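Taking it in order: structure first as structure tokens, then the write-up.
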Amino acid sequence: MTINIANSPTEKKTFQGHQLYVKRDDLLHRDFSGNKARKFYYFLKQAFPHIKKVVSYGSSQSNAMYSLSVLTKMRGWDFEYHVQHLSSYLKKNPNGNFKYALKNGMKVIIDEKIPKKYNIESKETLFIEEGGRDLFSEYGLKILANEILEWKRKNNIKELNIFLPSGTGTTALFLQKNISDSVYTVPCVGNHDYLKKQFFMLEESEKYHPIILEPSKKRHFGKLYKESYEIWVQLHQEMDIEFDMLYDPHGWITLLEHIKTFDKPLLYIHQGGLLGNESMVQRYARKYQLTTPPPKGGGFSL
Ligand SMILES: *Cc1c(COP(=O)(O)O)cnc(C)c1O
């Protein structure tokens, strides 16, 4: 069992007339990509001679869940995943991350109570917080920061503005901690205060906190918005890149609203998560009664 992750490419693109760079962490590896691969890299690389099992929890369609299923499969560990709720629809029609995590041998436990580290962790069992919100994530995110620094040097870029949308904020925080360029982000789960609290849980010193941009409209995580679908299609068409449908649309809309804030070359971090689009596209299709599947580089028309 080894998996080597090569540097991900950085591409120069134009979107809505704005030139920018995209760091393609979605292309890190066929089965292990995006920011979850960066966060869980530690568990891939370190020796864990006594570990036999990983326990984690979160939503039934999370990207972290899928990445952990790949990690545990590769390492020959059992994987137990706790969800508070499983819809009867998903139970009958597994799709997206859920389907592929089950294929990798994930065992699902439905439990109202969120499992606690101190109850679960043992010599043979690792407990991983929801979404990899933990200090171990810095290990792989430091590598991401170093790749960006090396790319800057090679391309003679003195200073950058970096943008990426946040869930737990772990990726943005550890990236900012390991790079001197300004990192900008927007909360996709919860609001500004929630995200700030998440930063403080991982890092006391505010000098390492990313800059939080305010979106003009509140969007609930996981809910479907017409403008989110539209920008997702447009991103695909203009840049020939498929982005994630949960975080990236809100991220790009907010980025464009604040485009004048960025006074240095702009680098957008693509954080992967494309497997989850399978179920999102189906949900959009049901909601808007779309019948033709999205072609490559396009989408349903609304
Ligand atoms: C998990 C995830 C995020 C959020 O990452 P955090 O480190 O929790 O902020 C953003 N984008 C994608 C595609 C993700 O899978």
Side-chain angles (χ1 to χ4, degrees), residues 8 22-29 31-42 56-71 96-98 100-101 128-145 162-178 183-192 194-203 208-213 215 219 221-222 228 231-232 235-236 241-255 268-280:
S8 69
V22 182
K23 175 76 170 158
R24 300 290 306 272
D25 265 10
D26 55 316
L27 302 178
L28 269 179
H29 185 273
D31 302 314
F32 199 60
S33 71
N35 68 345
K36 304 307 180 294
R38 300 286 189 186
K39 292 197 219 184
F40 299 142
Y41 200 55
Y42 176 79
S56 189
Y57 66 97
S59 91
S60 55
Q61 276 297 8
S62 103
N63 296 330
M65 171 193 75
Y66 171 72
S67 296
L68 284 176
S69 80
V70 174
L71 170 83
N97 285 319
F98 188 69
Y100 298 106
I128 297 184
E129 293 290 350
E130 180 170 20
R133 175 177 47 74
D134 215 326
L135 299 176
F136 62 72
S137 290
E138 185 165 7
Y139 178 90
L141 290 166
K142 200 177 184 137
I143 297 172
L144 170 63
I162 300 174
F163 182 92
L164 68 168
S166 279
T168 64
T170 310
T171 309
L173 180 91
F174 285 132
L175 185 55
Q176 182 66 94
K177 217 183 146 180
N178 288 281
V183 174
Y184 294 84
T185 191
V186 60
C188 298
V189 182
N191 58 13
H192 182 117
Y194 161 84
L195 187 56
K196 198 70 189 165
K197 271 191 203 129
Q198 299 283 316
F199 290 160
F200 273 119
M201 280 166 74
L202 295 167
E203 173 58 54
Y208 295 122
H209 289 190
I211 300 160
I212 301 175
L213 298 177
R219 292 186 184 84
F221 189 67
S228 296
I231 198 164
W232 178 77
L235 287 160
H236 208 155
I241 300 176
E242 182 180 353
F243 283 90
D244 143 274
M245 296 178 95
L246 273 174
Y247 300 88
D248 287 320
H250 186 59
W252 279 101
I253 291 170
T254 310
L255 176 149
Y268 189 99
I269 312 286
H270 191 320
Q271 299 177 91
L274 300 188
L275 220 44
N277 284 357
E278 187 180 305
S279 53
M280 287 296 284

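Just follow the structure's listing: the first ligand is 1, and inside any ligand the first atom is 1. This one's a predicted model, so the numbers in the text were calculated from it and none came from an experiment.
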Near-ring test Phe243/Trp252, centroid separation under 6.0 angstrom: yes
Quick test: of every protein heavy atom, which one is nearest to atom 12 (C) of ligand 1, and how far off is it to 0.1 Å? Tyr247 CD1, 3.4 Å
Part of Asn63 with heavy atoms under 4.0 Å of ligand 1, whether side chain, backbone, both or neither: side chain
Hey, is Thr170 touching ligand 1 through its side chain, its backbone, both or neither, going by heavy atoms under 4.0 Å? both
Among all protein heavy atoms, pick out the one at the shortest distance from atom 5 (O) of ligand 1; state its residue, atom name and that distance to 0.1 Å. Asn35 ND2, 2.8 Å
Answer yes or no: is there a donor N or O on one side and an acceptor on the other, between the side chain of His270 and the main chain of Glu242, under 3.5 Å? yes
Where is the tightest heavy-atom contact between Ser8 and Leu28, given as atom of each residue plus distance? CB-CD2, 3.9 Å
Quick one: which ligand 1 atoms are inside 4.0 Å of a heavy atom on Thr171? 5 (O), 6 (P), 7 (O)
Separation of Asn35 CG from Tyr247 OH (nearest 0.5 Å): 7.5 Å
Sub-4.0 Å heavy-atom contact, Gly131 with ligand 1: no
For atom 8 (O) of ligand 1, the closest protein heavy atom turns out to be Thr168 OG1, 2.6 Å
Are there over 12 heavy-atom neighbours, none belonging to Lys142, within less than 6.0 Å of that residue's NZ? no
Out of Phe40, Phe174, Tyr42, which residue meets the ring pair (Phe, Tyr, Trp, His ring centres under 6.0 Å) rule with Tyr139? Tyr42
Below 3.5 Å, N or O to N or O, backbone or side chain included: is there any such pair between Gly169 and ligand 1? yes
So between Lys36, Gln271, His270, whose heavy atom ends up nearest atom 2 (C) of ligand 1? Lys36
Work out which heavy atom in Tyr268 is nearest to a heavy atom in Pro165; give both atom names and the distance. OH-CD, 3.5 Å
Could you tell me whether ligand 1 has any atom less than 4.0 Å away from a heavy atom of Ala172? no
How long is the straight-line distance from CZ of Arg38 back to CG of Leu144, given to the nearest 0.5 Å? 4.5 Å
Going by the 4.0 angstrom heavy-atom rule, the piece of Lys39 near ligand 1 is side chain
Starting at CG of Leu135, measure out to OG1 of Thr170 and round the result to the nearest 0.5 Å. 9.5 Å
Pick one of side chain, backbone, both or neither for how Leu164 approaches ligand 1, counting any non-hydrogen atom pair under 4.0 Å. neither
Would you mind checking which non-hydrogen protein atom is closest to atom 13 (C) of ligand 1, with the distance to 0.1 Å? Gly272 O, 3.1 Å
I need the nearest protein heavy-atom contact for atom 4 (C) of ligand 1: residue, atom name and distance, please. Gly167 N, 3.4 Å
Consider every N or O of Pro165 and every N or O of ligand 1, then say whether any pair is closer than 3.5 Å. no
Start with the C-alpha distance between Asp248 and Trp232, add both sets of side-chain angles, then the distance that settles side chain to side chain contact (heavy atoms under 4.5 Å, CB included), and finish with yes or no. CA-CA 8 Å; Asp248 287 320; Trp232 178 77; over 6 Å; no
